[in-house]
Amino acid sequence: MIVKHDMNYLTVLNSAINHKLAPPLAVLRRQQFLIRVLGVGGENRMQGSKFEADSDNILRAITPVLDPNRHKGQAGKVAVIGGCREYTGAPYFAAISALKIGADLSHVFCTKDAAPVIKSYSPELIVHPVLEESYSVGDRDKDHISRRVVAEVDKWMERFDCLVVGPGLGRDPFLLDCVSEIIKQARQSNVPVIIDGDGLFLVTNNLGLVSGYPLAILTPNVNEYKRLVQKVLNCEVNDQDAHGQLLSLAKQIGGVTILRKGKCDLISDGEIVKSVSSHGSPRRCGGQGDILSGSVAVFLSWARQLILADEGNLIISPKNPTMLGCIAGSALLRKAASLAFEDRKRSTLTTDIIECLGRR
């Protein structure tokens with residue numbers, strides 16, 4: 001819709017053009033902006049409107065009230081599987097974001113090298129230095145150590161409402177083999193699994209880890225999504241039919257939910273497609289995907305609790321908890337990023353966005 005101010009502006013601009021007056025640079029920039037907003041961009045928004053999720057109402061519906069009668073743990077217990085020598089920030093961002101949004105407990109399972117660093121970031125996180133990389137494991141000890149690593153995580157599994165696999169994981173072969181077994185254990189325990197970062201590298205090369213598991217969520221960025229499409233659909237990304245291709249991809253993998261990150265986040269469980277295109281931030285600093293994975297973990301946990309307790313009376317749509325978790329997580333991250341950018345502009349960092357997760 002063209003607001004009155006813009007209508008007046010266009011009138012003046014047309015008059016200047018008719019009288020062959022050269023508009024100043026500021027006017028040209030304004031003209032280019034209006035062309036983007038009112039032209040192609042407006043057309044795209046109209047095209048995507050039928051897919052746009054009612055994210056505000058979903059956020060309100062699945063967020064539990066703060067009840068003094070509830071005890072620690074009932075608002076969510078999340079675990080992040082990731083963190084190695086090179087990458088310690090990503091698992092921290094995911095785990096602390098879960099706490100900032102409202103989870104009661106947040107765990108990180110990482111390598112021994114990463115643990116002291118992640119512990120130093122915050123005393124709020126429960127850090128388990130149990131993962132191992134190839135350089136510290138002899139060939140004869142691999143089977144024994146692999147079983148020990150998986151057992152250390154598995155003894156906690158029944159306590160978790162959701163697992164986030166991949167932030168800061170790295171691509172060490174032995175470590176990835178151990179994480180593959182952890183994902184299998186999560187499936188057996190019916191624990192939702194969000195796959196992000198290097199977890200997507202692992203899953204793309206072994207789709208059987210998540211295929212047919214309706215509580216699995218994949219959160220690929222542009223390059224990760226391209227690899228998934230090439231692997232599963234054996235073609236290139238088709239942005240002209242982005243909704244249809246995403247639907248096919250989720251269905252082909254086997255009912256997992258995919259959150260395709262981008263200027264407009266697209267979400268599909270193989271049955272429907274929803275989009276979240278609310279304003280975020282033009283600043284694309286690293287770590288925002290980690291905030292998203294931690295956020296989705298919490299909202300997915302809350303959505304499952306709500307659906308189980310509601311016994312079919314839930315009036316919001318969609319009703320799939322993985323879809324609800326993705327929509328809510330995407331919307332909240334975009335709002336927080338927008339607020340952070342208002343304050344920090346080009347200097348906005350991931351830590352600034354995390355601090356805005358609780359703001360209105």
Are N320 and L324 close enough that some pair of their side-chain heavy atoms sits under 4.5 Å apart?
no
Any donor and acceptor pair, going by atom type alone, linking the side chain of T219 with main-chain N or O of I195 inside 3.5 Å?
yes
Is the cationic atom of K345 (NZ for Lys, CZ for Arg) positioned less than 6.0 Å from the six-membered ring centroid of F341 and within 45 degrees of its normal?
yes
Return yes if some donor-acceptor pair links the side-chain N/O of D265 with the main-chain N/O of G262 below 3.5 Å, else return no.
yes
Tell me if a side-chain donor or acceptor on S122 pairs with a main-chain N or O of E124 at a distance below 3.5 Å.
yes
Donor-acceptor pair, Q245 side chain versus A242 backbone, under 3.5 Å?
no
Once salt bridge (Lys or Arg N to Asp or Glu O under 4.0 Å) is applied, do any residues pair with K184, and if so which ones, sequence neighbours excluded?
E181
What orientation do F299 and W302 show, parallel under 30°, tilted 30 to 60°, or perpendicular over 60°?
perpendicular
Could you tell me whether the side chain of V273 reaches within less than 4.5 Å of the side chain of I267, counting heavy atoms only?
no
When you check the gap from the basic side-chain N to the acidic O, do K261 and D196 get nearer than 4.0 Å?
yes
Specify the closest pair of heavy atoms between C178 and V150, including all atoms of both residues, with the distance to one decimal.
O-CG2, 3.8 Å
Under a 3.5 Å distance rule, please check whether T204 uses its side chain to pair with a backbone N or O of R227 as donor and acceptor.
no
Let me check something: any side-chain donor-acceptor pairs from residues 125-132 under 3.5 Å, sequence neighbours excluded? List them with distances.
from, atom 1, to, atom 2, distance (Å)
H128, NE2, H107, ND1, 2.8
E132, OE1, S136, OG, 3.0
E132, OE2, K112, NZ, 3.1
E132, OE2, R148, NH2, 3.3

E52 versus S277, side-chain donor and acceptor atoms under 3.5 Å
yes
Look only at the side chain of S211 and the backbone of I253, and say whether a donor-acceptor pair between them is shorter than 3.5 Å.
yes
So salt bridge (charged side-chain N to carboxylate O under 4.0 Å, His left out) across residues 281-299, not counting sequence neighbours, yields none
Tell me the salt bridge (charged side-chain N to carboxylate O under 4.0 Å, His left out) pairs involving residues 238-260, sequence neighbours left out?
D239-R260
Residue list, side-chain contact (heavy atoms from CB on, under 4.5 Å) with D143, at least two apart or on another chain
R147
Does S295 use its side chain to pair, donor to acceptor, with the backbone of G329 at less than 3.5 Å?
no
Per-pair distances, 0.1 Å, donor-acceptor, side chain in residues 62-84, under 3.5 Å, sequence neighbours excluded:
from, atom 1, to, atom 2, distance (Å)
T63, OG1, L59, O, 2.6
D67, OD1, N69, N, 2.9
D67, OD1, N69, ND2, 3.3
R70, NH2, Q74, O, 3.1
Q74, OE1, H71, N, 2.8
K77, NZ, G73, O, 3.3

Would you say Y213 has more than 12 foreign heavy atoms packed within less than 6.0 Å of its OH?
yes
How far does OG of S278 sit from CG of L333, to the nearest 0.5 angstrom?
9.0 Å
Does the pair E133/R85 count as a salt bridge with the N-to-O cut at 4.0 Å?
yes
Can any side-chain N or O of D172 pair as donor or acceptor with the backbone N or O of L175 at less than 3.5 Å?
yes
Check: S330 side chain, C326 main-chain N or O, donor-acceptor pair, under 3.5 Å:
no
Around atom CD of Q252, are there more than 12 heavy atoms of other residues, nucleotides or ligands at under 6.0 Å?
no
I'd like to know whether CZ of R187 has more than 12 heavy-atom contacts from other residues, nucleotides or ligands below 6.0 angstrom.
yes
Are P318 and E271 close enough that some pair of their side-chain heavy atoms sits under 4.5 Å apart?
no
Tell me, do D269 and V256 make a side-chain contact under 4.5 Å, heavy atoms counted?
no
Can a donor-acceptor pair be found, under 3.5 Å and without considering hydrogens, that links the side chain of N190 to the backbone of A186?
no
Rounded to the nearest 0.5 Å, what separation is found between the CG atom of L259 and the OH atom of Y225?
11.5 Å
